[in-house]
Amino acid sequence: LPARTPLNAKVTGVVRREGYRIEKVLFEPEPGHYATGHLFVPDGVTAARKAPGLLVPCGHSMSGKQSQIYQRISVLAAKGGLVAFVYDPIDQGERWQGAKGTACNPCGGHIAVGMRAHLIGWSQARFRIWDGIRALDYLASRPEVRADRLGVCGQSGGGTLSSYLFALDDRLAAAAPAGYITTMSRLAEHWGPQDCEQVLQGQLANGLNHLALLAMRAPAPVCLTLVDHDAFPLDGSLATYGRLKALYRRLGAPEKAAYVREPGIHCYYELTMRGTVDWMRRWLKDETGPCDYGREDDFGLNRNPEGLVTPTGRVADLPGYRSSYDILGDELARRTRSRRPFTRADVVRLTGIDPDAADAPDDDATFDCGRTAYWTHDHSPTQEIAMADWWFGTSYVKTRAELFIVRARAWSKAHGGARMDLRAAGDDAVAAAHARYLRPDLIGRLELVDAPPSWGRVFADRSLEPVVTSLVYDALP
């Protein structure tokens with residue numbers, strides 16, 4: 001994570017609603033890397049009558065902070081006497097990093113940043129987590145807020161960020177992640193990897209499952225927000241909750257682990273949102289009685305142009321703006337200045353490929369009866385497998401390169417020590433090139449068909465879509 005720099009926060013407008021006001025906030029998690037948010041302040045809360053604060057990171061909604069569910073839970077928090085701060089993640093709301101006039105694509109934007117970050121040993125989570133920490137800095141700095149009573153909640157990608165931030169920032173006294181916590185085994189079976197911020201390099205190899213994220217802060221109060229038909233499987237959520245509850249019992253605080261549950265699909269609902277705010281009221285305000293949350297059709301500034309923080313609705317139009325790609329490019333340039341020529345040992349170290357591999361996973365490789373091995377396996381489920389490899393700190397390039405080496409050795413042995421020619425297409429082109437580089441004694445002529453763009457081209461040209469099967473963690477430069 002980067003060093004803290006001035007937030008340069010300013011309020012660009014105020015909208016008053018029944019029982020609360022919404023301040024439109026512009027701030028800088030990093031210099032020129034602008035972020036936009038809404039601060040919901042209950043009537044009667046002042047520097048003399050402070051209230052606890054609630055941070056609300058968003059999930060993958062195109063409108064970000066102005067999505068209906070994030071406006072609604074912020075309204076409920078304000079009605080419950082909490083100061084809530086909901087902010088746009090990168091590539092959502094006013095922080096879309098695509099070309100002007102193009103449609104906002106949160107998942108596509110996160111993946112495009114995340115793939116490039118992967119190549120320099122970073123993660124898209126680095127941007128999301130730092131945004132959250134700096135948003136919490138802003139919330140805690142407000143004179144109306146009790147900095148010793150802060151909580152976090154969010155749904156889907158916001159549930160991911162709630163879990164990360166709760167684990168990493170001790171200022172958060174309570175958490176309520178929604179639509180995220182399950183078991184990794186059930187997640188892998190049901191849905192597989194998601195956006196890059198949710199797939200950390202070496203995560204499972206280092207034992208960092210969803211339970212671990214919450215257990216790091218035990219017995220701080222945590223409430224899971226569950227629905228019956230979530231993309232993050234409910235049975236895994238309940239299993240994780242059971243283990244968490246057992247841990248809290250052993251620590252003498254079973255009342256500090258709970259869940260709220262609603263029939264439905266992957267979303268926030270009125271019942272689960274009110275349950276979340278009730279949880280925060282209990283642990284941040286010491287209130288357990290009923291609360292008048294007002295009418296159910298109060299959605300704040302849901303998709304309302306009045307809610308825009310910036311003049312044009314795009315932080316990219318502000319003077320001095322710097323995108324995630326600019327920050328990644330600066331890091332690559334810094335590395336390039338101290339670069340030395342790569343050696344064979346460097347390639348082995350970075351990729352993890354064993355040049356002497358004696359065995360490797362096999363699936364549908366086909367070899368003709370002549371001298372060339374034809375490998376034409378391409379795309380779709382392969383991409384998912386490649387991202388799942390990140391969980392274990394490995395890569396598709398390593399797995400396939402070792403397979404090519406094993407096959408080439410067997411072919412050479414069967415043909416009196418001759419080298420095998422290799423033709424690789426699509427997803428497997430980069431792996432084949434690595435195999436040829438490491439074992440030129442086994443692999444002769446190499447032909448690549450429909451190879452993905454080079455890593456350098458991907459960094460230089462944002463219009464190019466990185467191919468996950470071609471990536472090696474921390475490989476540039």
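Note: hydrogens, waters and symmetry copies are ignored here, and every other heavy atom, side chains too, is used. Numbering of residues begins at 1 and proceeds along the displayed sequence.
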Is a side-chain donor or acceptor of [X] paired with a backbone partner of [Y] at a separation under 3.5 angstrom?
X: Glu296; Y: Gly294; answer: no
X: Thr272; Y: Tyr268; answer: no
X: Thr183; Y: Arg186; answer: yes
X: Arg281; Y: Leu82; answer: no
X: Arg72; Y: Asp298; answer: yes
X: Trp283; Y: Ala173; answer: no
X: Thr399; Y: Ser395; answer: yes
X: Arg95; Y: Gly64; answer: no
X: Arg128; Y: Ser123; answer: no
X: Asp389; Y: Thr394; answer: no

Contact check, side chains of [X] and [Y], non-hydrogen atoms, under 4.5 Å:
X: Leu136; Y: Leu165; value: no
X: Pro452; Y: Val430; value: yes
X: Asn206; Y: Leu200; value: no
X: Ile69; Y: Cys267; value: yes
X: Asp195; Y: Gln124; value: no
X: Phe85; Y: Val25; value: yes
X: Arg243; Y: Leu214; value: no
X: Arg462; Y: Ser323; value: yes

Minimum heavy-atom distance [X]-[Y], with the two atoms named:
X: Ser237; Y: Ile181; result: OG-O, 2.6 Å
X: Ala253; Y: Pro219; result: CB-CB, 3.8 Å
X: Val468; Y: Ala386; result: CG1-CB, 4.0 Å
X: Arg126; Y: Leu1; result: O-CD2, 3.9 Å
X: Thr182; Y: Pro233; result: OG1-O, 3.0 Å
X: Cys104; Y: Gln92; result: SG-CA, 4.0 Å

Residue pairs, two or more places apart or on separate chains, that pass side-chain hydrogen bond (donor to acceptor under 3.5 Å, both in side chains) and touch [range]:
range: residues 6-17; answer: Asn8-Glu28
range: residues 159-178; answer: Asp137-Arg171, Thr160-Gln198, Asp169-Arg171
range: residues 80-89; answer: Thr36-Asp88, Lys65-Asp88

Interatomic spacing from [atom1] in [X] to [atom2] in [Y] - rounded to 0.5 Å:
X: Tyr473; Y: Trp122; atom1: OH; atom2: CH2; answer: 11.0 Å
X: His60; Y: Asp91; atom1: NE2; atom2: CG; answer: 10.0 Å
X: Asn209; Y: Leu204; atom1: CG; atom2: CG; answer: 7.0 Å
X: Leu213; Y: Leu168; atom1: CG; atom2: CG; answer: 8.0 Å
X: His229; Y: Leu234; atom1: NE2; atom2: CG; answer: 8.5 Å
X: Leu39; Y: Glu144; atom1: CG; atom2: CD; answer: 7.0 Å

Is the number of heavy atoms from other residues, nucleotides or ligands under 6.0 Å of [X] [atom1] greater than 12?
X: Met62; atom1: CE; result: no
X: Asp228; atom1: CG; result: yes
X: Arg250; atom1: CZ; result: no
X: Glu189; atom1: CD; result: yes

* Walk me through it: do Gln97 and Tyr321 pass the test side chain to side chain contact (heavy atoms under 4.5 Å, CB included)? => CA-CA 11 Å; Gln97 299 181 114; Tyr321 165 74; 3.6 Å; yes
* Asked: Is there a donor-acceptor contact under 3.5 Å linking the side chains of Gln71 and His38?
  ->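 Yes, a side-chain donor-acceptor pair sits under 3.5 Å.
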* Compute whether any side-chain donor of one residue and acceptor of the other, for Tyr138 and Arg134, lie under 3.5 angstrom apart. => no
* To do: Among Trp191, Phe232, Phe166, find the one that has a ring pair (Phe, Tyr, Trp, His ring centres under 6.0 Å) with Tyr180.
  =>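 Exactly one pass, corresponding to Phe232.
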* To do: Assess whether side chain to side chain contact (heavy atoms under 4.5 Å, CB included) is satisfied between Trp96 and Asn105, documenting all intermediate values.
  => CA-CA 8 Å; Trp96 170 232; Asn105 179 0; 4.1 Å; yes
* Asked: Going through the distances and angles, do Leu476 and Arg335 end up as a side chain to side chain contact (heavy atoms under 4.5 Å, CB included)?
  -> CA-CA 8 Å; Leu476 283 180; Arg335 288 168 163 239; 5.5 Å; no
* Salt-bridge test for Arg142 and Glu23: reply yes if a basic N is under 4.0 Å from a carboxylate O, no otherwise. =>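 A salt bridge links Arg142 with Glu23.
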* Checking side chain to side chain contact (heavy atoms under 4.5 Å, CB included) for the pair Ile405/Ile353: CA distance, chi angles, key distance, verdict? -> CA-CA 10 Å; Ile405 290 169; Ile353 297 169; 4.2 Å; yes
* Would Asp286 and Arg149 satisfy salt bridge (charged side-chain N to carboxylate O under 4.0 Å, His left out), going step by step from the backbone distance to the final call? -> CA-CA 11 Å; Asp286 303 315; Arg149 293 289 183 100; 3.5 Å; yes
